[in-house]
Amino acid sequence: VVWTLITTLTSTQRLLSAETLVWVVCCAMFFLSAVALVEWRSVHILLLPLIPAVVNAVIVILQRQQIWNPFVFTADMSLRLRTIGLLGNPDDVGALLVVPVVAAVVLMIEHRGALRFLYGTMFGIIGAALLTTETLSALVAAGAAMLALLLRMPRKIALVLMLIVALSIGAGLAVHLPIVERVAVVTRLFAAGNLHAATSARTQSYLAAWRMFVDHPVVGVGPGCFGFWYVPYWVSLFPSHPEFILVTDHFAESHNDHLQILATTGLGGYIVFWAALWRLASRRRPADSEPQARFVRTFAVPSAIAVGVLTLGLFPLELAAPTSVILYFAGVVTSWGGHA
Amino acid sequence: MKRVLRISAAAAIAVMAVLFVHRLWQRYACNLEEADTKRRVERLYLDPESIASHMAAHALVARVTGCIEIEPAGVGQYMLRAALFRILQRPDDAVADYRHALTIDRRAELYMNIGDAEMESGHQEEAVDAFTLAALTQWSFLAEIPEPQRDRVSAAVTPLRDAFFGGRPIPGMFHEFQERIVTGGKGPSHHPSGTAD
């Protein structure tokens, strides 16, 4: 909040930065409320963010299978773009589901009997929806978190989880899930060096954000000002990237929160971001056997990795739904984690 | 004394919270109104010259102006009010709103809107200038520019595209456009230093 206030004062468009300052203050209040809410409660308080995630996940699956969709779309819109849960975009719903899928799998591991079945079912539904959205950044983030989780697990549990993942991948390949084709296409584009197409034309927003940071390294162009400065910086890329001239997509967000934080709040903001991630990962009480402490011990590092990776390809920190879920779980880790 | 201070602090926080929530509620209401006004404006544009449309536009201007006061960074509200001004045959006011919107968000369609409104005002040069920036920031807009302005805009922007695609960039060719985008076409200001031309 303090750094946002400082960068709002130095902003190149204070009106927009003031709006973002309000957003950041609201986020801080939400985080503190989450810390207070969960403090003395059982681990099942985690159902509070998991239930909406499951609801969205079920709707995503129904939308993709063309069984039911609460929204009406124009005929020319692709099936993937109609797969949005209760949000506005498949990428947004993908970003929303990443941290809950990590929480669900951790809860599944930490419980036994009926509760393990309950959380396992939640993990299956959220995981299936994540695959259904075909949001690669979200899938890579979830994959990175799962890998971190596996590395921290006892060998027996790790083997079982790896078997589940391997069987899931095999089943996906066998039934030709759309995500398999999408991964293959993107991999081919990367291999051919066509980063522009491989990143869905986002290289221009990455480069624009980087140039904003280079021009304003300490305090950035100002919170909330990426979209405001995008067009002039995009035009400045034409000489080195003439292919951008014919591009019709303009970016209000950079689709990479790391770069966007650098561009809008400078190195100072980026340090704060990394400090928050580090704090999230390091809050765990080593010896405590209470369910809350055990959850945090298993969840903290994978969830921090998930957020760190997710923000490389999307902008969840600019969206209310994913941000509130991330903040809620950050509140949980802070409240139950104590000091490392 | 301590208790009085505590109660005072709690009361102050409560009042601030109520005001804050009230403000957020107003914004939410304006957000809904924006969608509704947009639908109404689209309908008004089916018959923009009728007396009924003028009366409706007049009423909607007051409504949108109220929301602009609540949400001063709401680009959509400025665009809606400008569209209503054009129905009311006040293109100069429309241009002012579009240009103000550009100080918040540099959307390519705003340059198109400015071009159209400047034409309605009879300012042909300003219209060509705005259309040129529209075409530069979104190439597909070139086809939407009315004649005879399109020919002039095409003459200005096509060589830039051809030069780059032909691998013959002209030094400094984009500086002028960048400057005009940054200033909204109103003289020099800070512009991105990373201009590798």
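Hydrogens, waters and symmetry mates are skipped; everything else that's a heavy atom, side chains included, is used. First the proteins, then the strands, lettered A, B, ... as listed; each starts at 1.
For B/Phe141, no part sits under 4.5 Å from any heavy atom of chain A, backbone or side chain. Heavy atoms closer than 4.5 Å to chain B are found nowhere in A/Cys225, neither backbone nor side chain. Contact of B/Arg23 with chain A is not made at all, since no heavy-atom distance falls under 4.5 Å.
Summarising the geometry, atom CG belonging to B/Leu136 is positioned 7.0 Å from atom CH2 belonging to A/Trp234; distances are rounded to the nearest 0.5 Å.
Heavy-atom contacts from other residues, nucleotides or ligands closer than 6.0 Å to CD of B/Glu49 number 12 or fewer. For B/Ile51, the CD1 atom is loosely surrounded, since the number of other residues' heavy atoms within 6.0 Å does not exceed 12. Annotation for B/Tyr28: atom OH does not count as buried by contact number, only 12 or fewer foreign heavy atoms lying within 6.0 Å. No more than 12 heavy atoms of other residues, nucleotides or ligands lie within 6.0 Å of CH2 in A/Trp210, so this atom counts as exposed by the packing criterion.
Between the side chain of A/His250 and the backbone N or O of B/Arg106, no donor-acceptor pair lies under 3.5 Å.
Across every non-hydrogen atom of A/Leu15 and B/Pro72, the tightest pair is CD2-O, 3.6 Å. Of all heavy-atom pairs spanning B/Ile104 and A/Leu16, the tightest one is O-CD1, 3.3 Å. Of all heavy-atom pairs spanning B/Asp105 and A/Gly227, the tightest one is OD1-O, 4.3 Å. Of all heavy-atom pairs spanning B/Leu102 and A/Phe228, the tightest one is O-CE1, 3.7 Å.
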